[in-house]
Chemist: 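One structure, as structure tokens, below. Some questions next.
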Amino acid sequence: MRFDDRLLTVLNLPAEDRHDAAVRWRQLVDLVARAGSNGSSPVVTDALEAIRNEAPQVDESLRAAAARSVAALPLPLGLLEYFASDSLTVSAPVLAAATLEMGQWNVLHAAADQETRGFIETLHPALKSVPEHEVTPPQLQPNRTAPDSAEPFVSPSLHELVERIERRRRLGSAQIEPSDSATEQEPPSLFRWECGPGGEIAWVEGAPRGPLIGRSIAKAIESDGDRIDPDVVRSFGRRAPFRDAMLAVAGGGPVSGEWKISGVPAFEPADGRFAGYRGVALRETPAPPASPNASSIPDALSDPDSLRELVHEIKTPLNAIIGFAEIIEGQYLGPADRGYRDRAAEIVRQARTLLTAIDDLDFAAKVHSATGGPGERVDLGAVVERAAEELRTVAQKHTAEVEISRIRRGVVAAAEPELADRLLIRLFEALTKRTEAGERLQLSVEQGADGARISITRPKALRGLSDTELFESELRGDGLAALFPLRLTRGLARVAGGDVVGSRDSFSLVLPRG
């Protein structure tokens, strides 16, 4: 049977219910992914139209599974364009595995939503500078041949994210209290750089290029105030990564002074040849003095729109991590050792836990922005009653039991109702993960001296642990999986102006009195 005939057969299959429709959709994706030289046929065009139109009726988890299963194939651009238009949860593995020319990336970039565009820009930073009117759609065809000049990719580091947070904080302070010198350009405190196989820096972003272009990381420099850490030179010779090494730039310009420079080696994907280094450089900037009237509780939601933008910036590299780890775990680009696959699965699990927490923070900012900030009130007894069915479902999932009878009404907290609902669910989920089979957790609502409270019985596995062990000690291995959700819940509660506190027999979600 010819390829088009097989595709027509699937297109003509009846879809009498949601399950049949999902099966047919998955088969269409698998066939179009293997279109090869048939990628421009009218039948493939019809199949792509059906894939786009029917995708909303297919569960996201099934669409994501389909994307992972075809990620290693030379996909037609039309199918890649569909995946780019879907949610980042679905598209990340496919986009992470794709090797396209810049014009083709432009097409995907134009089809994507804001979050997916950020992901694509992380993979290919040059796309940020290409005006949309210059995008020229290439012909529909399979594309997996690496271009002669592959676009460099530097994964955003934790240092870079922290720097973004600091920049936003400084910007917010400047908007509130303008300085007489606000018109003066602030010297950069971070720049990204790349060098070729000879070691000379050839590309810089975030700082004036003149004093940096041509500077070598492969040779020791100690003249006229210029200096490169010898560890960088040794690492370059071994093609090894380096971190927080010292770079000194002489002169009185905006980039003069000492920098902490980090870099990783890059290799050509086609033949493995050494291609140079990619990295970032940071320098410390003095923090502004704290205001004597500053609140002891950080008002993280004072600028919810800026916070939501920052959340999306963090989600982009986190989704990239998930996408790459899923490719390793599923062996979509070839066989991988069992140890690597197990580690990749753990990375996916922990990254999704963190992604849930980031979504909670985004939700808190959205609710705070929509309600206009302070003034919301909620009855915590009503919160527990609304969540009762979901709490029972969570407990059942972990073979535990929950007692939520005789919940007191009239305990009012100063909090958005939707945020209080989510905080309760997150705290209960964090605690039920530590219960033993058949263990019973009891909920109570009370007015405490420190605020309105929802208290939940402390699981046996957490009894005897101090607050320092629970919330402050360094987490590794099993401890990370066990206590990280509880710490994240406490962090979200503090963003809302509340807290999660422990006693000998329980944990309490404490919110300000209403």
Side-chain angles (χ1 to χ4, degrees), residues 17-19 22 58-65 89 322 345-346 348-360 363-364 378-409 411 413 415 417-446 453-465 470 475 478-493 498 500-511:
D17 55 30
R18 190 179 181 91
H19 174 267
V58 181
D59 289 345
E60 184 178 73
S61 60
L62 298 178
R63 303 199 311 273
T89 301
I322 293 172
E346 178 66 11
V348 171
R349 189 187 64 78
Q350 293 189 13
R352 290 202 181 281
T353 298
L354 183 55
L355 192 60
T356 298
I358 292 171
D359 285 336
D360 286 341
F363 176 83
V378 62
D379 187 321
L380 295 189
V383 169
V384 174
E385 291 175 358
R386 280 198 304 270
E389 190 60 35
E390 186 171 356
L391 296 177
R392 292 190 181 97
T393 301
V394 172
Q396 185 177 14
K397 177 182 176 182
H398 296 280
T399 65
E401 299 179 16
V402 57
E403 181 181 333
I404 52 179
S405 59
R406 300 188 301 278
I407 293 299
R408 176 184 173 187
R409 298 293 292 265
V411 177
E418 299 94 336
L419 187 54
D421 291 345
R422 183 169 289 214
L423 282 168
L424 170 59
I425 296 297
R426 290 290 181 258
L427 178 59
F428 190 77
E429 286 177 334
L431 295 180
T432 51
K433 287 179 180 179
R434 303 298 297 150
T435 56
E436 301 174 358
E439 188 172 355
R440 177 184 293 270
L441 298 182
Q442 184 175 7
L443 274 73
S444 62
V445 176
E446 57 194 357
R453 288 173 166 249
I454 300 177
S455 297
I456 305 174
T457 310
R458 180 186 283 246
K460 295 177 183 177
L462 299 181
R463 291 178 185 173
L465 296 179
L470 289 168
L475 296 181
D478 293 340
L480 183 64
L483 297 179
F484 190 51
L486 185 60
R487 294 188 179 187
L488 288 175
T489 304
R490 185 191 222 189
L492 181 60
V500 171
V501 298
S503 65
R504 188 174 67 89
D505 299 318
S506 66
F507 288 94
S508 298
L509 169 62
V510 183
L511 295 170

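This one's a predicted model, so the numbers in the text were calculated from it and none came from an experiment. Throughout, residue positions are numbered sequentially from 1 according to the sequence presented.
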Chemist: Is there a side-chain contact between Leu423 and Ile454, using heavy atoms and a 4.5 Å cut-off?
Modeler: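 SC-SC contact between Leu423 and Ile454 ruled out.
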
Chemist: Is the shortest heavy-atom distance from the side chain of Pro485 to the side chain of Lys433 under 4.5 Å?
Modeler: yes

Chemist: Strictly by modelled atom types, are Ser508 and Arg453 linked by a side-chain donor-acceptor pair under 3.5 Å?
Modeler: yes

Chemist: Which atom names give the shortest non-hydrogen contact between Ile404 and Val402, and what distance separates them?
Modeler: CG2-CG2, 3.6 Å

Chemist: What are the two closest heavy atoms between Val378 and Ala415, and how far apart are they?
Modeler: CG1-O, 3.6 Å

Chemist: Treating Glu439 as the side-chain partner and Lys460 as the backbone partner, does any N or O pair qualify as donor plus acceptor under 3.5 Å?
Modeler: yes

Chemist: Would you say that Val411 contacts Glu446 through its side chain, given a criterion of any heavy-atom pair below 4.5 Å between the two side chains?
Modeler: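 Not touching, per the 4.5 Å side-chain cut-off.
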
Chemist: Is there a donor-acceptor contact under 3.5 Å from the side chain of Asp59 to the main chain of Ser61?
Modeler: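 Here the side-chain-to-backbone pair does not exist.
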
Chemist: Side-chain contact, heavy-atom cut-off 4.5 Å: Ile322 with Arg352?
Modeler: yes

Chemist: Decide yes or no on side-chain contact (heavy atoms from CB on, under 4.5 Å) for Leu427 and Val500, but give the supporting numbers first.
Modeler: CA-CA 8 Å; Leu427 178 59; Val500 171; 4.1 Å; yes

Chemist: Just checking Arg504: does its CZ atom have more than 12 heavy atoms from other residues, nucleotides or ligands closer to it than 6.0 angstrom?
Modeler: no

Chemist: Is any side-chain heavy atom of Arg458 closer than 4.5 Å to one of Asp505?
Modeler: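 SC-SC contact between Asp505 and Arg458 ruled out.
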
Chemist: Look at the side chain of Thr457 and the backbone N and O of Gln442, then say whether any donor-acceptor pair between them is shorter than 3.5 Å.
Modeler: yes

Chemist: Just by distance, with hydrogens left out, do Thr435 and Thr432 show a side-chain donor and acceptor under 3.5 Å apart?
Modeler: no

Chemist: Do you know which two heavy atoms are closest between Ala413 and Leu511, and how far apart they sit?
Modeler: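 Heavy-atom minimum between the residues: CB-CB, 3.8 Å.
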
Chemist: After noting the C-alpha distance and the side-chain angles of Leu462 and Leu465, does the key distance pass the side-chain contact (heavy atoms from CB on, under 4.5 Å) rule?
Modeler: CA-CA 6 Å; Leu462 299 181; Leu465 296 179; 4.0 Å; yes

Chemist: Hey, are the side chains of Asp379 and Arg409 touching, using non-hydrogen atoms and a 4.5 Å cut-off?
Modeler: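 Asp379 reaches Arg409 side chain to side chain.
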
Chemist: Does a sphere of radius 6.0 Å around CD in Gln396 hold more than 12 heavy atoms from other residues, nucleotides or ligands, not counting ones at 6.0 Å or beyond?
Modeler: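 No, not enclosed.
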
Chemist: Under a 3.5 Å distance rule, please check whether Arg487 uses its side chain to pair with a backbone N or O of Leu470 as donor and acceptor.
Modeler: yes

Chemist: Is any side-chain heavy atom of Glu403 closer than 4.5 Å to a side-chain heavy atom of Leu441?
Modeler: no

Chemist: Please tell me if the side chains of Lys397 and Val394 come closer than 4.5 Å, counting only heavy atoms from C-beta onward.
Modeler: no

Chemist: Can you tell me how far CG of Leu431 sits from OG of Ser506, rounded to the nearest 0.5 angstrom?
Modeler: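 Going from the OG atom of Ser506 to the CG atom of Leu431 covers 9.5 Å.
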
Chemist: To the nearest 0.5 Å, how far apart are CZ in Phe507 and CD1 in Ile456?
Modeler: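 Those atoms lie 10.0 Å apart.
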
Chemist: Restricting to non-hydrogen atoms, name the atom on Leu424 and the atom on Leu509 that form the minimum distance, rounded to 0.1 Å.
Modeler: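 Shortest heavy-atom contact: N-CD2, 4.0 Å.
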
Chemist: Between Leu443 and Leu391, does the side-chain contact (heavy atoms from CB on, under 4.5 Å) criterion hold? Intermediate values first, please.
Modeler: CA-CA 10 Å; Leu443 274 73; Leu391 296 177; 3.7 Å; yes

Chemist: Whether the side chain of Thr393 engages the backbone of Glu389 through a donor-acceptor N/O pair (distance < 3.5 Å, no angle test) should be reported.
Modeler: yes

